Every structure is written in structure tokens, then in C-alpha cells.
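For reference, the structure is listed below as C-alpha cells.
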Number of protein chains: 2
Amino acid sequence: MTANGETAGVDADGRRPLRRATTILGKKWHPLLIQTLLAEESLGFNDIKAEIGGISDKVLSESLADLQDAGLIVREIVEEQPVRVNYSLTPAGRELEPIIEGLERWSQTHLADAS
Amino acid sequence: MTANGETAGVDADGRRPLRRATTILGKKWHPLLIQTLLAEESLGFNDIKAEIGGISDKVLSESLADLQDAGLIVREIVEEQPVRVNYSLTPAGRELEPIIEGLERWSQTHLADAS
DNA sequence: CAGTATCCAAATAGATACTG
DNA sequence: CAGTATCTATTTGGATACTG
């Protein structure tokens, strides 16, 4: 037992960062959005929508706002007519690359493919 | 554009494994459970509950069943009186270690601590 | 093109009480 | 000790229609 009453293993300060991370990355489309932007450098709203597939305007919009609030992506408005908006990863977002790739590889070797 | 109609970036086969992984690991307590079991080798139901904190019996029970179905943990019944049950990671579950740790470190350096 | 606004459905999680 | 059974609450996600 530690000085502050833990029995062993992961202490409270070890669990909280993981919880913070999964609060963001646990949403259905967020990891896919990161993955998509990792591969593409910069994409517009409808480009993302087409690449991901199956996501509604509303959910995509909310998801992008979430990731923006968390500091993982940046939204850049390009003043043309009609207006374009480019989404890209921040350095923080880009640093998720090994994690996303690790997850992908782990999944391929350990999770059964439904098809 | 590729032979099967993709414009670029992540193709359909690149997104699906990630989606499979996040379908499991996107549940609120699952990553915390993995993290806890990574640190402990083997734990009983109430031990896990105490270590995690804030999870109800029902949700813990369901979460453990999920992870078991996915092949990430094993449930071993120890015939004593009263009955004990030990939960531990399978090799597949244990291979999530670098990913969980990566997420933890990423969170510590890039996500604001609420406290 | 890039979204909002509504409304609705489904999935998840939590509280509480009880059991082998 | 290790759960299950209920019932409720909250959170997410989705369909559709409309807008600057």
C-alpha cells in the first residue's frame, strides 16, 4: 500500500489522463476523423464526409467542433465563393498517429473481421 | 483515384479495423479496465471495482463480459467458499499495453487537466 | 460548399435492491 | 464474494429539411 492509501497498481493520477483521453477519443467518429486527417493533410467538410461515409452533416459538424475544442484539429476558412473550410490536424492531433496506427494493427491481428 | 474508386488517403480496408477496435475500446470503462489489469496480473470483481472507483456492479459486470467476448480478458472461477473469480488479460489484451500507455502519455502532454 | 435546426431513436450508463 | 434484475436518466447518434 502506498502513502496515500492505494493498494497497488495504477494510482488515481494514472487513471485520470487515460480517462481524459478516452472522453474525447471514445466518441464514435473521432478516431476515424483523426485517421482520415492523418492521411490527408487538409480536407473540406464534404471531402471528409465522403471519405468517412455514413456520417450525417450534424454529427460531422459536432465531431469536428469537439476535436477543435480539444485542440486536435484546426478549422481554416478560405474566403472564396462559395466559402471553403479546411480542416487539418494540430501538432497534438498529429501525435496521435502512432496510437491510431497501433490500434489499427492491433485490431487486424487480434479482432475478427465481421465480413 | 485508386482502382476501386477511392480518391486518396485511407481506404475502406484501412478504416474498418480501426472501427472494430473503437467499437470495443470506445466504451466508457473499457480502457480503464485494461489499464487496471495491465498493472495487476489478476484481480477479483470487487478488487477491480475498488481500484476503478465510481463504476456500478451492473456496468462492471457488463463491461467485463464485453471484454471477455472480445477475447481481451479471461474469467477464471476459483472454487472456494465464497466463490472467487479472477480476471486477467489474454495475450491479445496485454498487447494493448503500448497503446494504453501511449494514450496516457499523449494525454498528459496535450490534454488540459481539469483540476 | 458548409453548415443549423428539429425531432427522434438507440445505445450507454447509473441507482437501487436483491440473490446463490 | 460476485454477481442479476429493474427501472430510470443521460448521452449519443441519425434522418430530414432548411440556410448563408
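Predicted, not measured: the structure shown is a model, and the values here were computed from it.
Here the C1' atom of nucleotide D/dA5 and the CG atom of B/Leu60 are 16 Å apart, to the nearest Å. Atom CH2 in B/Trp29 sits about 12 Å away from atom C1' in C/dT12, given to the nearest Å. If you measure from atom NZ of B/Lys27 to atom P of D/dT12, you get 14 Å, rounded to the nearest angstrom. Between the CD atom of B/Glu76 and the C1' atom of D/dC1 there is a distance of 15 Å, rounded to whole Å. B/Ile55 places its CD1 atom 7 Å from the P atom of C/dG14, with the value rounded to the nearest Å. Residue A/Glu62 contributes atom CD, which lies 9 Å from atom P of C/dT4 at whole-angstrom precision. For the pair B/Ile52 CD1 and C/dG14 P, the computed distance is 11 Å after rounding to whole Å. Rounding to whole angstrom units, CG of residue B/Asn46 and P of D/dT4 are separated by 13 Å.
Considering every non-hydrogen atom in both A/Leu33 and A/Ser63, the closest pair reads CD1-CB, 3.5 Å.
Taking only side-chain atoms of A/Ser61, from C-beta outward, the nucleotide of C/dG3, D/dA15, D/dC1 with the closest atom is C/dG3. Between C/dG14, C/dT12, D/dC1, one nucleotide has an atom nearer to the side chain of B/Arg84 than all others, and that is D/dC1.
Counting only N and O atoms by type, the side chains of A/Thr23 and A/Arg19 include a donor and acceptor under 3.5 Å apart.
The 5' end of DNA chain D is approached more closely, in terms of each residue's nearest nucleotide, by A/Ser56 than by the other of A/Ser56 and A/Val83. Mapped onto DNA chain C by nearest heavy atom, B/Gly26 and B/Pro82 fall at different nucleotides, with B/Gly26 at the one closer to the 5' end. Of the two residues contacting DNA chain C, namely B/Thr23 and A/Asp57, the nearest-nucleotide position lying further toward the 5' end is that of A/Asp57.
For B/Lys58 against C/dG14, a side-chain-to-base donor-acceptor contact under 3.5 Å is present.
Contacts of B/Val85 with the nucleic acid, taken as non-hydrogen atoms under 4.0 Å apart, involve only primed sugar atoms and P, OP1 or OP2.
Contact between the side-chain N/O atoms of B/Tyr87 and the OP1/OP2 oxygens of D/dG3 is found at a separation under 4.0 Å. Contact between the side-chain N/O atoms of A/Lys28 and the OP1/OP2 oxygens of D/dG14 is found at a separation under 4.0 Å.
Hydrophobic clustering, with ILVMFWY side chains joined whenever heavy atoms are under 4.5 angstrom apart, keeps A/Trp29 apart from A/Val74.
Nucleotide C/dA17 is matched to D/dT4 when pairs are restricted to Watson-Crick or G-U wobble geometry with both distances under 3.5 angstrom.
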request  = Any chance you could lay out the side-chain contact (heavy atoms from CB on, under 4.5 Å) test for B/Ile99 and B/Leu25, step after step, and finish with the verdict?
outcome  = CA-CA 11 Å; B/Ile99 291 167; B/Leu25 299 173; 5.9 Å; no
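Under a 3.5 Å cut-off, the side chain of B/Ser107 and the backbone N or O of A/Pro17 do form a donor-acceptor pair.
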